[in-house]
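Since the structure comes first, as structure tokens, the remarks are kept for the end.
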Amino acid sequence: MSANAAAEAARPYNYAYLDEQTKRMIRRAILKAIAIPGYQVPFASREMPMPYGWGTGGVQVTASIIGPSDVLKVIDQGSDDTTNAVSIRKFFEKTAGVAVTTATTAASIIQTRHRIPETPLGAGQVLVYQVPIPEPLRFLEPRETETRKMHALAEYGLMHVKLYEDIAKHGRIAKTYDYPVMVGGRYLMDPSPTPKFDNPKMHRSPALQLFGAGREKRIYAVPPHTDVVSLDFDDHPFEVNKFDKPCALCGATDVYLDEVILDDRGGRMFVCSDTDNCETRRADGHRGELLGNEEPRA
Amino acid sequence: MAPRVEIDGVAKSFVMHLQGGKLLPVVGNVSLEVAAGECVVLGGPSGAGKSSILKMIYGNYRVDSGHILVHAADGPVDVASASPREIIRLRKLSLGYVSQFLRAIPRVSALDLIVASAREQGLDEDKAASRARSLLQRLNVPERLWSLPPATFSGGEQQRVNIARGFVADHRVLLLDEPTASLDAVNRAAVVELIFDKKRQGVAMIGIFHDEDVRERVADRIVDVTRFAARAA
Amino acid sequence: MITDDQPLLTARGITKMYGRHVGCTDVSFDLFAGEVLAVVGESGSGKSTLLSVLSTRLEPTAGTVCYRMRDGEMRDIYRLNEAERRLLMRTDWGFVHQDAREGLRMGISAGGNVGERLMAIGSRHYGEIRATALDWLGRVEIDLARVDDAPKTFSGGMRQRLQIARNLVTQPRLVYMDEPTGGLDVSVQARLLDLLRGLVADLGLAVVIVTHDLAVARLLSHRIMVMRAGRVIETGLTDQVLDDPREPYTQLLVSSVLQV
């Protein structure tokens, strides 16, 4: 190793890993995306020190907007403590030196894979989604030239054909995640593979929602207070999934639950997918079935 | 009485390009007038051009020269120079053609075929159906066949369905291309009756009948087409 | 003012060159509402090129194609903006391909295939879309029990009938057909032709049908255009052109047909 290369290697990364030119390029894409809600803006996605599918798009968006005073929360399937969430959190602690948190209310930037926190987001917060496939029409129309034309002309009948097929086959719209939405009454958008349970949370949210797809090189956005409407039929209106039981740990009823297998004799429980929400409720004195069913005294 | 059909100076020849451009003269200088209620029968030996003359009047064959005026309710049409649209309209409303051959349409019943022909001219459903039934009866087509597609009928039955189809509508001019060929005496008589009905309604008819008996009964005039023979080129 | 005396489609001087090779040249005609025009000729005669030009799929080298829109205005179809053109193609026009796979979504159910155009123009009631789709499957004689099956499980004739239903569901006024019976068994062809004949007459469709089969032209069309080497060499009433062909080439075509 030459002396020069050694010096190079010893130098710390640029703030938040990406070089400043790249960040500017990504910020320009983000600004354009905010200006045209729901429109997929192409950007020159960079190689990141993690494989595609691990959130390279979301990481690049976060890296471009994060500053030293930000507080970052990262969730994967609602959980703060899975490998992916922990790695990304550590990545930004190391490269951007930011404070991190698991509390939704304390975060200024929340990067997410597959969930929107149960705690309503507020003005000034930014939710960054990791997106695998940004094009909602992709599996219906394989040609990119054609899907772009369809977006340009707002020709979205085909998406309803997909929903029609669902009802014809299953008697209802069976799609439970990746459920297509119309943004600002104009662009059809894939909300990334979040459960459709979360779709209503996007509608007129006071937070800024940014979407990054690293492999597909697309960024799109839902600015605060934008209409986000899930597609449906007049006689088959959009409905969120309902759960039969409350969370076994905190007793919450209006949240998204994960099924956890307890033993090999069929034992199972349903618990909050949003770990922060669950912990906060338990700290407040809520107890689910497994912990003795209690409610805090008023 | 004003003529319904006026044919003036019509000539026709075929150029057979596949036989080195051989010119086959058919008729020359055909001139003929037919009045309302009149039945003119074309006579002459086979090959003299009788059938070609009918086909020219119907617009099925082109005309080299001359005029063929057919007086429709809304004015005369010169078939010799009319556009395809005008000819289609003329055929639909004013000009009928009855041959002995039925171009059967698969899966359409005999009755519906005839009703459709009447409906084309704007007759209402009930009237068209009752006329169709009465025609099939008069032409002795067994009732059990009415609801079946004629493709499987015998030649004579198909022929009578076709005659009913040609006679059901109120065309002002009818071209009859051997409609009675190979019919038995009873059915020949039925067709003769139909022709008389049309005469009473003031329909102008031009026909070819090989059967001498029928020809004598229906013809107001017999025109020998050999007098229109084309001079060999 | 809309009257039947105004053509629905006018083509003037249509020429399409592929480099120095002639696709079709100087083709002009008018098509009126409810009129069926057959374009016949051998492979390479330019009939398919002409159909592509007429249907906005291939911009002509010279000439214009004008269409009378539903509001009565004649518009040059190559001056419509893309949104207008695409809307026209999926509402007021239809296109029946020889290969049904080009005109259908093979993985989508029959009902979805028929309903797509409705959803594309804003239908958002599942029950109504499905009822309309079933009605059309009935009209093209497809067993209603197959409504949820994808056309990849259908026979060639069924696929072609489904393609027709998919096109007609928005009640277009003009339908282009490219050899719609080509590649089908003779008995299947007969049934399809019969169905087409009935639908065209009942709905008063204007049709431009490209075919090399004179029997198809005779059964379906009012008028015929014979093409050879990119040019229209003979045109007229269908039975007139077929029974009294004038041009040497047309005489050859007609005499080449097997009589049965």
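Chain A is the first sequence line, chain B the second, and so forth, proteins listed ahead of strands; every chain is numbered from 1.
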Residue selection (most heavy-atom pairs with chain C, distance under 4.5 Å) from [options]:
options	value
A/Leu163, A/Leu231, A/Leu158	A/Leu158
A/Ala154, A/Ala152, A/Ala168	A/Ala168
A/Leu153, A/Val161, A/Asp235	A/Asp235

Task: Region of A/His236 in contact with chain C, defined by heavy-atom distances below 4.5 Å - done: side chain

Open item on the list: Checking side-chain polar atoms at under 3.5 Å, does A/Thr194 have a donor or acceptor matched by the opposite partner on A/Tyr129?
Closed with: no

Open item on the list: Can you confirm if the aromatic rings of A/Tyr156 and A/His151 lie within a centre distance of less than 6.0 Å?
Closed with: yes

- [ ] Measure C/Arg117 against the heavy atoms of chain A and call it side chain, backbone, both or neither at under 4.5 Å.
- [x] neither

- [ ] Would you indicate whether A/Glu47, at its atom CD, is surrounded by more than 12 heavy atoms from other residues, nucleotides or ligands within a distance under 6.0 Å?
- [x] no

- [ ] Return the option, out of C/Ala120, C/Gly112, C/Gly122, C/Ser123, with the maximum number of heavy-atom pairs under 4.5 Å with chain A.
- [x] C/Gly112

Task: Backbone of A/Ser230 reached by a side-chain donor or acceptor of A/Asn199 within 3.5 Å - done: no

TODO: Compute both the distance and the angle, then confirm whether C/Arg57 meets the cation-pi test with C/Phe95: under 6.0 Å from the six-membered ring centre, within 45 degrees of the axis.
DONE: yes

